[in-house]
Structure formats: C-alpha cells, structure tokens
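Counting convention: from 1, in listed order, for ligands and their atoms alike. Position 1 is the first residue of the sequence, and the numbers go up from there.
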Amino acid sequence: MTEIIDGNAVASELRDELAGAIETLADAGARPGLATVLMGDDPASQTYVNMKQRDCEEVGIDGRHVDVDGDADPEELYDVLEALNADPEIHGYLVQDPVPDHVDYREVIRRIAPRKDVDGFHPENVGLLVAGDARFRPCTPHGVQKLLEASDVETEGADVTIVGRSRIVGKPLANLLLQKADDGNATVTVCHSRTDELAEKTRRADVLIAAVGVPGLIDGSMVGEGAIVIDVGINRVDADTEKGYELVGDVDFESVAERASKITPVPGGVGPMTRAMLLYNTVKAASLQAGIDVELP
Ligand code: GUN
C-alpha cells in the first residue's frame with residue numbers, strides 16, 4: 001500500500017508546537033512580527049502573501065503587509081526595506097518573488113537585514129547554511145526535511161535525487177541533506193534541465209524530490225519500486241474549474257503512486273510545510289533578536 005504523506009497534518013502539529021514559543025516571547029514583550037512585501041499585482045503572489053498573513057493571525061504572530069506599485073522605481077522598494085530593517089516590531093520579513101522585470105531580485109535580497117531574512121536567501125545566510133551553521137533554513141527545504149522526519153524516512157546513507165537546482169529549493173536542499181546531521185547524511189544527486197539520462201538517475205533514488213516547476217514531469221517509469229517521492233511543484237494549469245485553473249505538481253501522481261512506497265500529494269503535501277516553516281523562522285528571528293531562548297519544534 002502506498003502511504004500518502006499528509007503535509008497538512010504535519011504542518012498543523014508544527015504550528016501547535018510553535019504556539020508555546022510564541023506565547024513565551026509575547027509574555028516577555030517580544031511578540032513575533034512578520035511583514036510581507038509584494039511589488040506588483042501577480043495574482044499567484046497575492047494568494048501566497050494572503051495565506052502567509054492568515055497563517056500569522058492564526059498562530060499569534062503580528063502580521064503586516066506592504067504593497068509596492070509594480071511600476072515604481074526600485075528605490076521606492078528599497079526605502080520600504082530600509083524601514084523594515086529598522087522597525088523593532090518586525091522580526092522578519094520577505095519580498096515575494098517574482099518582482100517586476102525592472103527590479104533585480106538579487107539586489108533586493110542583499111538589502112534585507114540578514115537577521116530579519118526569514119526566507120534565508122541573503123548571501124550571509126546562504127553562506128552560514130553551506131558552512132553547516134544555518135541561521136534560517138529556507139522554508140521549503142526545511143519543510144521537506146521535517147516532512148521526511150515525520151514520515152520516518154531515514155536520510156542517512158540514502159540515495160536522494162533532487163530534480164531542480166533553484167536558489168529557493170534545489171540548491172539549499174541539496175546542501176542540507178548532505179550535511180553531517182541526523183536529518184542529513186544522504187548521498188545527494190542534483191539533476192536539472194541539462195542532465196543527461198534523467199530517468200536513469202531518478203530511478204535509482206531511494207528518495208526522489210521533484211522541484212522543477214514542470215507539471216507532471218516525473219512519471220511512473222522514472223521511479224524505482226518502493227521509492228519515497230516528494231513533490232515540491234505547485235503549477236497552475238488551465239482547467240475547467242471555477243477559478244479556471246487547478247494546481248498540479250511536478251509528479252504524475254497516478255502512475256508514480258503505483259510504484260512509490262510513500263508520496264506527497266499536491267495540494268496538501270509540501271505547500272503547507274513551507275508556510276509552517278516561515279512561521280518557525282519568524283519565531284526564531286524574534287527569539288534571536290530579543291535574546292530569549294525558546295524551544296523550537
Ligand atoms: N516565491 C515563491 N516561493 C517563494 C519563497 O519561498 N519566498 C519568497 N520571498 N518568494 C517566493
């Protein structure tokens with residue numbers, strides 16, 4: 001029987017566990033504060049930031065949202081970041097990616113105070129992560145690690161194949177799974193759009209992680225019998241639904257579920273974990289800034 005890994009359940013447990021830390025910080029006058037910044041009006045990004053704000057409200061984090069006009073000069077965005085860097089009530093914030101074409105996201109990241117960079121994208125935080133001393137693990141990779149742990153998947157000694165080399169998922173996740181740690185110690189292969197014989201590499205994985213943003217790229221023929229399959233993809237495809245689209249992963253669920261021993265669904269797999277880990281990083285940021293130790297799940 002294939003086990004469907006329930007990301008909603010694991011995320012909900014994690015959020016409950018964070019609630020204690022949030023109250024400890026709030027009692028000490030340091031209720032965690034998270035800001036989201038959105039430049040432009042991309043509908044998917046609007047949905048994501050709305051969900052992040054709702055999450056904050058539900059767990060007792062002070063949420064704030066800042067919209068910046070999509071046609072504005074980048075300096076206007078930088079002024080917002082400077083104000084957030086200096087704001088004692090905001091412990092962490094993020095600028096939703098993508099930003100409009102005339103803005104360089106790399107420059108945006110460099111202007112976020114590293115101690116408030118709850119995405120973990122700032123070069124200082126990337127460096128700490130690669131060195132094995134992460135301050136903030138990026139939310140999706142950290143969520144994948146927590147999901148594997150909650151599903152009793154041992155990464156130690158496992159052949160893990162990641163399809164996708166993005167800054168947000170593939171690269172940091174490869175680094176984390178490689179580290180000498182209980183939730184690492186894997187043998188990691190990273191595949192991408194120029195990889196030769198992709199199916200041969202995906203088939204030999206004990207744990208296959210798809211993070212490319214190509215709907216249904218991984219089908220049953222590319223998966224070894226009994227593999228654990230984690231689908232990070234969240235792709236909007238046109239569909240005859242009320243909204244005119246549906247969300248699908250990078251994995252063709254039907255054919256892969258026939259071969260996998262455990263598999264994450266889309267939606268309801270990695271997505272809720274990403275959101276939970278943003279809350280986790282915000283609590284950690286508040287704890288570090290207030291100098292108050294709290295127990296994190
Ligand atoms: N856009 C898609 N995923 C992310 C993310 O993890 N952080 C930010 N800031 N933007 C995103």
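- Shortest contact from atom 5 (C) of ligand 1 to any protein heavy atom: D119 OD1, 3.9 Å.
- An N or O contact shorter than 3.5 Å links Q96 to ligand 1 by distance.
- Judged purely by distance below 3.5 Å, without hydrogens or angles, the side chains of S261 and E3 never pair a donor atom with an acceptor atom.
- Residue V95 approaches ligand 1 through these ligand atoms, each under 4.0 Å from one of its heavy atoms: 8 (C), 9 (N).
- Put simply, the side chain of L38 reaches to within 4.5 Å of the side chain of Q46, judged on heavy atoms.
- Counting atoms of ligand 1 from 1 in the listed order, those under 4.0 Å from a heavy atom of Y105 are 9 (N).
- Using a 3.5 Å distance cut-off with no hydrogens or angles, the side chains of D87 and Y93 do not pair a donor with an acceptor.
- Interface atoms of ligand 1 facing D97, defined by a heavy-atom separation under 4.0 Å, are 1 (N), 2 (C), 8 (C), 9 (N), 10 (N), 11 (C).
- Side-chain atoms of Q53 and R64 include no donor-acceptor pair closer than 3.5 Å.
- Between L279 and the options V118, L14, D55, a side chain to side chain contact (heavy atoms under 4.5 Å, CB included) holds for only D55.
- Looking only at atom types and distance, the side chain of N50 has no donor-acceptor partner in the side chain of T47 under 3.5 Å away.
- Protein heavy atom in closest approach to atom 4 (C) of ligand 1: I168 CD1, 4.0 Å.
- Distances shorter than 4.0 angstrom do not occur between any heavy atom of Y48 and any atom of ligand 1.
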